[in-house]
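The structure's right below; bear with me while I get my questions together.
Just so it is clear, the values below take in all heavy atoms, side chains as well, and ignore hydrogens, waters and symmetry mates. Here is the naming used below: chain letters follow the sequence lines, and residue numbers restart at 1 for every chain.
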Amino acid sequence: MEAFEETEVTRQRIDSIKSLREKGIDPYGGRYERSHTTARAIQLFLDSEDPSAEKFESPPVRLAGRLMGKREMGKAIFGDLHDLDGHVQLYFKKNDFTPEVFEEIVKALNLGDIIGVEGPLFRTRTGEITLHVREVTVLSKVINNLPPLKETTDEAGHIHRFFQFADVEMRYRQRYLDLILNRDVRDHFRKRSRMVSIFRRELDQMGYMEVETPMMHHIAGGAAARPFITHHNALDIDLYLRIAPELHLKRLIVGGMEAVYEINRNFRNEGISIKHNPEFTMLEAYKAYGDRDTVMELCEHLVSTAVEDMFGGHQVAYQGITLDFKRPWKRISMIDAIHEVVGIELDLHAPLADLLEKTRGLGIDTTDLTTHGKIINAVFEEKVEESLIQPTFIIDYPTEISPLARQKKDDPDLVERFELFIYGRETANGFSELNDPAEQYRRFEEQLAQRQGGDQEAHPMDLDYVNALRCGMPPAGGIGIGIDRLAMILTDSASIRDVILFPLLRPKE
RNA sequence: GAGCGGAUAGCUCAAUCGGUAGAGCAGCGGCCUUUUAAGCCGUUGGUUCUGGGUUCGAGUCCCAGUCCGCUCACCA
């Protein structure tokens with residue numbers, strides 16, 4: 001049986017909880033009706049305050065939250081009550097309570113306790129709006145000794161912390177503590193949620209229908225990545241956690257659902273880094289009768305609307321750089337971007353040897369690169385990507401690295417595809433969907449050959465998907481937007497772990 | 001997967017050349033009825049990440065391992 005190792009402090013707390021119970025006080029109180037949040041209570045006070053009055057008091061309010069500061073002054077005690085929106089100072093006066101309540105409840109309050117308080121708001125001598133507590137209800141006593149929260153906010157609104165809960169590992173493992181103690185963390189996740197709800201709102205308004213497709217796949221397709229494998233006992237079959245919802249969403253397009261989207265998790269069995277978590281969230285959207293440009297505009301619309309709604313403008317500060325989302329964003333082909341940044345002109349149709357000759361001296365390992373498309377893509381990824389700081393659409397990708405995309409009419413070696421880069425990171429990807437079943441079958445066969453040649457991430461054959469195309473899929477545009485990556489930008493987070501509530505970590509011990 | 005760095009009290013961190021593990025905050029007790037990083041007095045709290053080794057003596061030096069961070073690789 002696993003158990004907690006109690007410290008002196010936790011033992012004391014457990015004992016005091018027991019003695020509260022013995023006195024008929026529930027240390028884990030139930031439902032508590034609040035009249036306001038702390039922020040709204042303060043606003044109410046400011047709205048109704050009569051500055052000419054000698055001593056102004058608001059009508060009583062009922063608030064609930066976590067006690068994060070306690071300053072004992074003998075027969076008076078000050079505290080800080082924190083809730084989701086903000087915090088307010090509490091003032092307890094000994095005379096306001098029976099001696100028992102003051103000793104056993106008020107004085108016995110620990111940092112981190114969750115309480116309900118009722119009373120009028122007033123201003124202290126130093127001008128701070130403060131709740132004069134007339135009634136206190138214990139809602140949850142803490143056992144653990146929470147790290148101290150000591151901070152001030154200056155006039156510009158900057159938080160100055162004197163002690164912090166900063167251990168990165170502990171912050172991720174015990175995110176609840178991180179959320180309690182680091183208010184900006186809570187704010188990040190609120191922003192992320194806001195961004196997602198703006199996307200939903202816009203897509204819904206445009207007539208897209210939100211759907212949910214399987215997370216467990218028989219064939220891990222729709223992207224180039226290694227999957228996680230799991231097992232279903234009753235059917236006794238291995239299944240893959242999906243690496244992308246793409247092929248299922250397009251089956252829905254075949255089925256006549258003309259505009260669909262899904263916001264959900266993908267799982268890729270790859271490395272973990274500042275930009276990668278094994279499970280990450282993707283928005284994918286498909287529009288029948290559209291094409292690459294339809295979804296490129298959708299992408300631009302969604303992201304710039306989120307930026308404008310959240311920041312009131314089109315500029316976002318990210319890691320000390322100003323990102324400008326004013327539309328339209330730059331659009332440039334992959335070949336032209338390489339020319340612009342690296343200064344060499346690559347020709348997709350030149351003999352392979354010529355292409356290799358031109359890329360010599362760039363410091364790119366070309367030993368495993370067997371096709372024009374892979375070479376050009378490697379040059380782009382290694383030499384161009386990191387320079388794409390401002391939002392930029394790269395268009396016209398080599399067909400060889402885009403097995404699900406429709407070829408350009410005037411050049412079958414290129415597809416109608418775009419990727420969005422922000423701060424040198426791929427943030428979205430979209431294309432005109434390939435709806436020719438024979439061509440799709442040929443592409444899968446090509447991928448299969450690459451897989452047999454050792455490319456573990458080459459796309460597997462999916463005959464059922466080809467069969468869907470044989471039933472007729474309208475031309476369509478499809479897009480995937482990396483929600484976590486975008487959330488990083490909009491919250492000025494350096495690491496993807498700062499926008500994922502519970503990032504994957506190795507288990508302790 | 002590779003390289004570099006880190007792990008000491010509940011939290012943030014010290015600890016000289018290898019010589020008795022400390023401070024602030026939190027906790028506990030006391031004083032203080034408008035404080036606010038409250039203050040003052042007193043006090044509890046340690047498997048120094050784990051396991052070996054060197055040494056009279058290891059938080060410190062050596063070896064192995066665990067976990068985290070950063071960089072690289074793979075990828076979005």
- For U33(B), the nucleotide meeting Watson-Crick or G-U wobble distances (both under 3.5 Å) is none
- Query: With a 4.0 Å cut-off on heavy atoms, is R11(A) in touch with a base, just the backbone sugar-phosphate, or nothing at all?
  - Reply: nothing
- When all nucleic acid strands are considered with a 4.0 Å heavy-atom cut-off, which category describes D96(A): base, sugar-phosphate, or nothing? nothing
- Message: Can you see if the side chain of K150(A) gets near the phosphate of A37(B) - specifically, an N or O under 4.0 Å from OP1 or OP2?
- Response: no
- Task: Could you work out the separation of A58(B) and C74(B) based on their C1' atoms and round it to a whole Å?
- Result: 42 Å
- Message: Considering every strand and a 4.0 Å limit on heavy-atom distances, what is the contact class for R497(A): base, sugar-phosphate, or nothing?
- Response: sugar-phosphate
- Item | Nucleotide of U33(B), C74(B), A76(B) approaching E457(A) most closely (side-chain heavy atoms) | C74(B)
- Compare the minimum distances between each of C74(B), A26(B), U35(B) and the side chain of Q89(A), then state the nucleotide with the smallest one. U35(B)
- Message: Distance check needed: G30(B) C1' versus E103(A) CD, whole Å only.
- Response: 12 Å
- Task: Indicate whether the side chain of R171(A) and that of Q164(A) have a donor and an acceptor atom separated by less than 3.5 Å.
- Result: no
- Message: On RNA chain B, compare the nucleotides closest to E8(A) and Y91(A); which residue's is nearer the 5' end?
- Response: Y91(A)
- N144(A) and R13(A): side-chain donor and acceptor closer than 3.5 Å? no
- A23(B): pairing nucleotide in any strand, Watson-Crick or G-U under 3.5 angstrom: U12(B)
- Could you let me know what C74(B) is paired to, Watson-Crick or G-U wobble, both distances under 3.5 Å, or none if it's on its own? none
- Message: If the cut-off is 4.0 Å, is R173(A) near the phosphate of C68(B), judged by side-chain N/O to OP1 or OP2?
- Response: yes
- Query: Looking for any heavy atom pair under 4.0 Å, which part of the strands does E426(A) touch: base, sugar-phosphate only, or nothing?
  - Reply: sugar-phosphate
- Query: Below 4.0 angstrom from OP1 or OP2 of C25(B), is there any side-chain N or O of N145(A)?
  - Reply: no
- Message: For a quick check of understanding: with a heavy-atom distance under 4.0 Å over all strands, which category does L505(A) fall into, base, sugar-phosphate or nothing?
- Response: sugar-phosphate
- Message: Only pairs with both distances under 3.5 Å count, Watson-Crick or wobble alike; so what is the partner of G42(B) in this structure?
- Response: C28(B)
- Out of U35(B), U33(B), G27(B), minimum distance to the side chain of A76(A) belongs to U33(B)
- Do we see a donor-acceptor contact under 3.5 Å between the side chains of Y286(A) and E284(A)? yes
- Task: May I ask you to verify whether the side chain of D167(A) and the base of U12(B) hold a donor-acceptor pair under 3.5 Å?
- Result: no
- Look at all strands and tell whether M170(A) reaches a base, only sugar-phosphate, or nothing, counting heavy atoms closer than 4.0 Å. sugar-phosphate
- Item | Any-strand Watson-Crick or G-U partner of C67(B), both distances under 3.5 Å | G6(B)
- For R506(A) and C67(B), is the shortest distance between a side-chain N/O and OP1 or OP2 below 4.0 Å? yes
- Note on the structure: Using Watson-Crick geometry (N1-N3 plus N6-O4 or O6-N4) or G-U wobble (N1-O2, O6-N3), each under 3.5 Å, U55(B) is paired with none
- Item | Among E262(A), E212(A), E279(A), salt bridge (charged side-chain N to carboxylate O under 4.0 Å, His left out) partner for R242(A) | E262(A)
- Message: Any base atoms under 4.0 Å from R13(A), or only sugar-phosphate, or nothing? Heavy atoms, all strands.
- Response: sugar-phosphate
- Query: When the nearest nucleotide of RNA chain B is assigned to T124(A) and to A166(A) on a heavy-atom basis, which residue is associated with the more 5' position?
  - Reply: A166(A)
- Can you tell me if T37(A) and D83(A) form a side-chain donor-acceptor pair at under 3.5 Å? no
- Message: Using the ring centroid of each side chain, check whether F267(A) and Y240(A) are separated by less than 6.0 Å.
- Response: no
- Message: Looking at R71(A) and U35(B), is any side-chain donor or acceptor paired with a base atom of the opposite kind under 3.5 Å?
- Response: yes
